[in-house]
Protein chains: 2
Amino acid sequence: MANITEVAAAAGVSISTVSYALSGKRSVSPDTRRRIEEAVRKLDYVPNAGARMLAGRRTQIFALTEPLRKDTHAPTHMAFVLAASVAARRHDYDVLLLTEEEAQKGMRRVATNRLVDAILVLDVAPDDARVALARQISCPSVFIGVPLDSEGLICVDLDFEAATARAVDLLADAGHTTIGLVGQAQAAYEKSNFPPRVRSAFLRRAEERGMASFHGTSGGARASRSAARRTAAELTGRGATALVLHTAEEAHGSVLAELAERGLRVPEDVSIVSVGSSFDTSHLPRPLDSFPLDPQASCDAAVDLALAAIDGHPDAAVHLIEPSYHPHGSIAAPAERAV
Amino acid sequence: MANITEVAAAAGVSISTVSYALSGKRSVSPDTRRRIEEAVRKLDYVPNAGARMLAGRRTQIFALTEPLRKDTHAPTHMAFVLAASVAARRHDYDVLLLTEEEAQKGMRRVATNRLVDAILVLDVAPDDARVALARQISCPSVFIGVPLDSEGLICVDLDFEAATARAVDLLADAGHTTIGLVGQAQAAYEKSNFPPRVRSAFLRRAEERGMASFHGTSGGARASRSAARRTAAELTGRGATALVLHTAEEAHGSVLAELAERGLRVPEDVSIVSVGSSFDTSHLPRPLDSFPLDPQASCDAAVDLALAAIDGHPDAAVHLIEPSYHPHGSIAAPAERAV
DNA sequence: TTGAAAGCGTTACCAC
DNA sequence: GTGGTAACGCTTTCAA
């Protein structure tokens with residue numbers, strides 16, 4: 001409840017000195033600093049947010065827009081929200097949530113409002129309406145995910161193509177000649193931006209390495225026998241000795257269950273690599289090698305780009321995050337096929 | 001970018017008149033109002049958030065604290081966050097997210113900061129550390145969920161006891177004499193506030209109705225045969241002709257799958273009622289009668305209580321929301337038991 | 001029905 | 001190294 005004037009009085013200095021001592025934007029003698037810090041502690045002083053926003057040029061708030069479509073995978077989404085929040089706090093920023101239809105009107109509102117310094121855009125769709133909006137408003141926006149038309153936009157994302165290509169390479173190097181991709185649910189290929197990137201990278205790299213390749217989708221685990229299980233069965237049935245998985249955690253489990261039921265061991269009979277998963281593949285019934293989607297890495301990068309843009313140095317480009325490889329022994333040479 | 005002074009000039013009135021015209025806190029002549037509205041539109045004027053916070057006594061922001069423990073059920077949690085956001089926007093409030101450890105320091109910060117007008121507390125644990133904090137700080141807090149010690153706190157929650165008792169009553173009225181409860185994962189009974197309330201209400205009501213009752217837990221769906229399936233099998237094995245389900249969506253599916261596998265039909269062989277579910281039980285393989293947990297109802301109530309508290313009328317009490325019954329034909333009289 | 005002006009609590013520029 | 005003070009853009013009291 002104390003304000004800067006009371007702190008200044010208690011420390012026997014002017015309010016500007018208090019302000020500078022706290023912001024560090026001007027040097028203050030050690031003795032003065034000590035007296036101020038003591039007064040701050042004694043009075044439990046915390047600078048008023050509204051006054052700061054008004055006087056300063058920063059609000060210390062990021063908006064986070066999340067459309068929350070019904071097909072959004074909640075755990076992954078939550079991981080991103082959490083990561084964004086953590087990244088923001090590291091730079092003394094708070095996060096304001098913009099959901100649903102509010103994502104549209106809300107973005108415009110908080111931008112003209114001057115309530116936030118920048119906007120972080122989550123769950124980006126290929127034809128995301130927020131793209132046009134971002135170009136209109138003056139508030140810097142950073143997209144976590146890449147829309148179809150990213151011209152002039154600041155975007156961050158895992159390099160899905162590189163991750164997929166490296167996954168295919170690992171399998172090719174191990175000697176596999178026929179591989180399959182268990183992809184996302186069909187709808188995801190229309191509504192989200194990265195599933196198509198993974199699929200095309202998979203097909204391209206497999207061809208470059210002279211491998212035969214197949215792909216299929218996964219989907220809801222409601223039925224007793226999920227789409228992921230069917231796809232896994234079909235791909236191995238066609239002779240694939242290795243699988244690349246780009247699916248939700250449940251579908252990973254389904255694939256493993258299906259293989260187990262058919263008596264196929266990992267990696268002795270089937271090698272597996274997971275790509276772009278946001279969960280821990282080492283805790284699955286059978287730990288899987290993976291090139292994970294790391295929400296924290298993406299969000300850290302996004303926040304850095306946001307801060308730069310706020311500072312007047314927008315880096316309008318697609319910033320791809322180098323995938324990292326986490327081996328868990330799920331790749332081996334293909335078994336000698338019994339005739 | 002335009003400010004109130006420019007609007008006032010454009011409309012040929014004073015800034016106070018502009019302010020009053022927009023806030024509606026003082027009557028303005030129709031003609032003046034029209035000119036002001038036109039100026040606002042022409043200049044794209046939106047009041048500056050920081051200035052408003054400083055001058056007014058409202059920030060128009062709620063903090064939303066969410067610990068996001070690893071055992072948090074993401075979809076349910078997301079539903080609450082979304083509902084809170086919607087409820088807030090209805091009253092022109094924005095939502096600031098406080099996650100994890102930040103939930104603690106963050107609550108204190110935004111309270112003394114004067115960045116928010118009130119704090120909405122989600123995912124309340126029985127011994128939640130935020131309870132003590134809420135009592136310390138001056139900023140009003142509303143708990144969505146009921147901690148063990150709710151003395152002096154403003155709390156909102158579904159009336160789980162009533163919902164459970166009504167569920168048991170429906171089954172008793174249908175003629176069942178032996179019923180089972182498929183509860184949550186064991187850990188939930190320690191870390192969350194409502195599972196124990198459901199279980200004790202279940203046992204109490206069953207006894208009052210002279211029924212034999214059993215209960216078991218559900219849990220992770222990782223294994224090929226989940227805890228929910230085992231529990232369902234055990235309960236029906238013990239002679240239960242009706243089940244009350246208080247579990248996640250996946251476990252609902254597991255129970256139905258288990259019954260189907262054993263050739264038990266719903267409701268001909270086994271009646272089922274779902275209690276406190278936050279998903280749509282009418283879209284399950286077999287639609288189930290339910291007393292749902294309605295995030296929007298809880299959050300609407302919470303926001304109303306927050307607004308009242310901000311207005312100086314805190315209603316420190318546990319506000320239980322009346323459960324509503326959604327029948328889907330999953331209750332019938334018990335089958336005549338073959339000897 | 002309207003206007004003038006005093007804050008609100010900072011930040012940052014200008015002096016010293 | 002420190003202090004004075006003009007913004008910042010709004011809300012609200014006091015007058016008319």
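The figures here come from the full heavy-atom set of this structure, side chains too, leaving out hydrogens, waters and symmetry mates.
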- From CZ of A/R33 across to P of D/dT2 the rounded distance in Å is 10 Å
- Under 4.0 Å between a Lys/Arg side-chain N and an Asp/Glu carboxylate O for A/R90 and A/D300? yes
- Name the closest nucleotide to the A/N48 side chain, picking from C/dC8, C/dG9, C/dA4. C/dG9
- Item | Ion pair B/R34/B/E38, N-O distance below 4.0 Å | yes
- Separation of A/R26 atom CZ from C/dC13 atom C1', in whole Å? 10 Å
- Rounded to the nearest Å, what distance is computed from the OH atom of residue A/Y45 to the P atom of nucleotide C/dT11? 6 Å
- So, is B/R52 close to the D/dT11 phosphate, meaning a side-chain N or O under 4.0 Å from OP1 or OP2? yes
- Query: Ion pair present between A/R58 and A/D311, side-chain N to carboxylate O less than 4.0 angstrom?
  - Reply: yes
- Does B/K25 make a side-chain N or O approach to OP1 or OP2 of D/dT11 shorter than 4.0 Å? no
- Message: From CZ of A/R58 over to P of C/dT10, roughly how many Å is that when rounded to an integer?
- Response: 19 Å
- Reckon B/S16 has a side-chain N or O less than 4.0 Å from the OP1 or OP2 of C/dA4? no
- Query: Between C/dT10, D/dG4, C/dG7, which nucleotide has the shortest distance from any of its atoms to the side chain of A/I4?
  - Reply: C/dT10
- OP1, OP2 of C/dT1 versus side-chain N and O of B/S27: anything below 4.0 Å? yes
- Task: Write down the distance between OH (B/Y20) and P (C/dT2), rounded to a whole number of angstrom.
- Result: 13 Å
- Taking atom types as modelled and ignoring hydrogens, do the side chains of B/S29 and B/T32 form a donor-acceptor contact shorter than 3.5 angstrom? yes
- Query: Does A/T32 place a side-chain N or O at less than 4.0 Å from the phosphate oxygens OP1/OP2 of D/dT2?
  - Reply: yes
- When the distance from CG of B/L54 to P of D/dA7 is rounded to whole Å, what number comes out? 17 Å
- Rounded to the nearest angstrom, tell me the gap between atom CE in B/M53 and atom C1' in C/dG7. 17 Å
- Query: Does D/dG3 have OP1 or OP2 sitting under 4.0 Å from an N or O in the side chain of A/T17?
  - Reply: yes
- Task: Would you mind reading off the distance between A/I15 atom CD1 and D/dA6 atom C1', rounded to a whole angstrom?
- Result: 11 Å
- Does the side chain of A/L122 reach to within under 4.5 Å of the side chain of A/H77, using non-hydrogen atoms? yes
